[in-house]
J.: 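Here you go, one structure.
As the structure is a prediction and not an experimental result, all values here were calculated from the model.
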Amino acid sequence: MNFTPQQLAGGGSYNCKTRVGNWLEDVCLEEAKFGDFKRAREHGTLTMGMFNTKVASCTSTVPHTYSEDGLIKYGDSIVLAHKQTGGSLACDPFEAAGFDSSEFNASVCESTSSMARNTFVITKVDEADPSEYVAWGTPFRLMCNPSLRVDEETNMLQPPLFLASSLKNERKASPLSNNQLVYMTAKVTYSTVWKTQMPAVSKDSGAARVLSQGEALVSGCDVVLQHCQTMQLLSSDSRNAMNTDFGTEYEVCGATMQKNGKVSVMAGEFSGRRTSVTNVKPEMDQNIWSFVTSSDASLGDDNRNLPPPLSAAGLIAKVLDVMKKRSKNAVRALKSAFKSMDETGDFKLDREDLKWGLKNLGVELNDEQFGVLFKHFDKGGDGIISLTEFLVATRGEMNEKREAVVLAAYDKLDADGSGMVNITTLTEGEAAKDFMSVWEATPDGIVTKEEFIEYYKDLSAEIESDDQFEQTLLSAWGL
């Protein structure tokens, strides 16, 4: 709540009947609050609106893979059930984990019923790997469900999030147990790689763990998930309960939880080396998980109509759409705005020029979206892009039918065939005014054929129908 200096000093609110006092501050403050409210409502960022959107998205129905042979394959959508809590691994891509806004919360929810936030997709680390089945000891990644990554503003899928972990430090640790933090991230690094092992629970575990390496993983069997970078096991404990937007859930972290006794295992026999008996402590239930597939084949059907992945082409279309709403000639207005920023005249823009130039034009892009857009144009990787290339990509190419209409129109305007037309002498209508207002040339009104075509290439990006484009051009010049 904001207050005026007078109110903070103990005074009441002023009104327009007050002869002495700064009542205008109250008026301006109320107008500013209402303006903030309207902007939040238009962008869907009101607190209750965001909460309802989040819950609806996270609890939506998604495909849950049905496995006829009971084996786990790459690309399967599975629920990762936890033995000790009786719940399942879940994520919240709307809630940042800690200080880094690119890392999102992971937890164990109480439900094992399939929904968007607790149904993960198993993906390969090496796309060239021909293997179809997930095997014991083979690295893999757990990707969040694509339904959680739909961006309503751009109607595209944001980059996927993967389950990750990293070494504990003074700024990054699990909030309750102070163990290694586990989170979701879009950064595809080695921190997102996991592998499965058989739990060491009996005297036969050593031989079973070694002999199982390379065999296909069976749905529903107990596994421990080891983080390949830090060698810690994925863990959760019912003692570490926390309140979330979805109710009471349990913290998930990277911690190897072991019992006091020891069992014999093998260390190097699988790779052909002989080792002496190796004793290890068996894992506790906090480290025991299982990959669960659907028991109903119909639940595996994917009837979703998901948008395409985030791409530079889609973001360029968004830029053009925003400019259409702001200006009658969107591409020309965009060109004029960026050229005014090009102080050196070399038709080059750096990262900050493009970022703040788009923002000033009303194009709101988050860091991920802007990164995709800039990388598309930064061919040399030097942080500099060509203004000309950006503008040409924004407007797109004009098809042959439209170009033929433009050429025919210019030829009719160029009665003497000189290749130069004085636009101001042809008409006093809106077409000439619009043309001259954005035409970058001398004010004498002389336009060459190339300049005429360039103008209508820009205008063509805003008109979808070829017939409408032709009618617009011909009627504008009275042809």
J.: Applying ring-ring contact (aromatic ring centres under 6.0 Å, His included), can you list everything that pairs with Trp194, at least two apart in sequence or on another chain?
T.: His227
J.: Check the surroundings of atom CG in Asp382: do more than 12 heavy atoms from other residues, nucleotides or ligands lie under 6.0 Å from it?
T.: yes
J.: Please lay out, stage by stage, how Ser165 and Gln180 fare under the test side-chain hydrogen bond (donor to acceptor under 3.5 Å, both in side chains).
T.: CA-CA 7 Å; Ser165 187; Gln180 192 168 291; 2.9 Å; yes
J.: Looking at side-chain heavy atoms only, is the closest gap between Leu225 and Leu80 below 4.5 Å?
T.: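 When only atoms from C-beta onward are counted, Leu80 and Leu225 do touch, with a gap below 4.5 Å.
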J.: For Phe162, which of Val193, Val188, Leu142, Val121 qualifies under side-chain contact (heavy atoms from CB on, under 4.5 Å)?
T.: Val188
J.: Has Asn169 got a side-chain atom pairing as donor or acceptor with Lys172's backbone, closer than 3.5 angstrom?
T.: yes
J.: Does a side chain donor of either Ser57 or Ser60 reach within less than 3.5 Å of an acceptor in the other side chain?
T.: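 Checked: Ser57/Ser60 side chains show no N/O donor-acceptor pair below 3.5 Å.
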J.: Mind checking whether Cys58 and Phe94 have side chains closer than 4.5 Å, heavy atoms only?
T.: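 Yes; the side chains approach each other to less than 4.5 Å.
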J.: Hey, are the side chains of Lys187 and Ser102 touching, using non-hydrogen atoms and a 4.5 Å cut-off?
T.: yes
J.: Examine the side chains of Ser114 and Thr119 and answer whether a donor and an acceptor come within less than 3.5 Å of each other.
T.: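 A pair is found: one side chain offers a donor N or O, the other an acceptor, under 3.5 Å apart.
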J.: Distance alone, cut at 3.5 Å: any donor-acceptor contact between the side chains of Ser177 and Glu251?
T.: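 There is such a pair (donor and acceptor under 3.5 Å, judged by atom type) between the side chains of Ser177 and Glu251.
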J.: Run the salt-bridge test on Lys54 and Asp92 with the 4.0 Å N-O cut-off and return the result as yes or no.
T.: yes
J.: Given the rule in the side-chain hydrogen bond (donor to acceptor under 3.5 Å, both in side chains) test, do Asn118 and Ser88 qualify, once you have shown the distances and angles that lead to the verdict?
T.: CA-CA 7 Å; Asn118 75 339; Ser88 61; 3.0 Å; yes
J.: Evaluate the side-chain proximity of Trp356 to Leu358: yes if any heavy-atom separation is below 4.5 Å, no if none is.
T.: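 They are not in side-chain contact.
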J.: Give a yes or no answer on whether the side chain of Thr138 reaches the backbone of Val134 with a donor-acceptor pair at less than 3.5 Å.
T.: no
J.: Go through the steps to decide whether Asp296 and Ser294 satisfy the test side-chain hydrogen bond (donor to acceptor under 3.5 Å, both in side chains), and finish with yes or no.
T.: CA-CA 5 Å; Asp296 185 350; Ser294 174; 5.8 Å; no
J.: Less than 4.5 Å apart, any side-chain heavy atom of Leu234 and any of Val252?
T.: yes
J.: Under a 3.5 Å cutoff, is there a donor and acceptor pairing between the side chains of Thr293 and Ser219?
T.: yes
J.: Could you give the distance from CD1 (Ile385) to CG (Asp350), rounded to the nearest 0.5 Å?
T.: 9.0 Å
J.: Does anything in residues 299-310 pair up under side chain to side chain donor-acceptor pair (under 3.5 Å), and if so which pairs, sequence neighbours excluded?
T.: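 Found Asn145-Arg304, Ser147-Arg304, Asp302-Arg304.
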J.: Got a second to check how far Leu354's CG is from Leu365's CG, nearest 0.5 Å?
T.: 8.5 Å
J.: Do the non-hydrogen side-chain atoms of Glu132 and Tyr74 ever get within less than 4.5 Å of each other?
T.: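 Side-chain contact under 4.5 Å: no.
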J.: Checking Tyr133 against Asp69: is there a side-chain donor and acceptor pair closer than 3.5 Å?
T.: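 Checked: Asp69/Tyr133 side chains pair up, N/O donor to acceptor below 3.5 Å.
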J.: Taking side chain as C-beta onward, heavy atoms only, is Cys109 less than 4.5 Å from Met115?
T.: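 Yes, at least one pair of side-chain atoms sits under 4.5 Å.
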J.: Do Arg117 and Phe246 come close enough that some side-chain heavy atom pair is under 4.5 Å?
T.: yes
J.: Please lay out, stage by stage, how Arg141 and Thr123 fare under the test side-chain hydrogen bond (donor to acceptor under 3.5 Å, both in side chains).
T.: CA-CA 5 Å; Arg141 289 188 171 96; Thr123 65; 5.8 Å; no
J.: Looking only at side-chain N and O atoms, does Gln158 offer a donor or acceptor that is under 3.5 Å from a partner on Asp151?
T.: no
J.: Between Ser236 and Gln84, is there a side-chain donor-acceptor contact under 3.5 Å, judged purely by atom types and distance?
T.: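 There is no such pair between these side chains.
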J.: Kindly check if the number of other-residue, nucleotide or ligand heavy atoms within 6.0 Å of CZ (Arg239) is above 12?
T.: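 No, the 6.0 Å shell around CZ holds no more than 12 heavy atoms from other groups.
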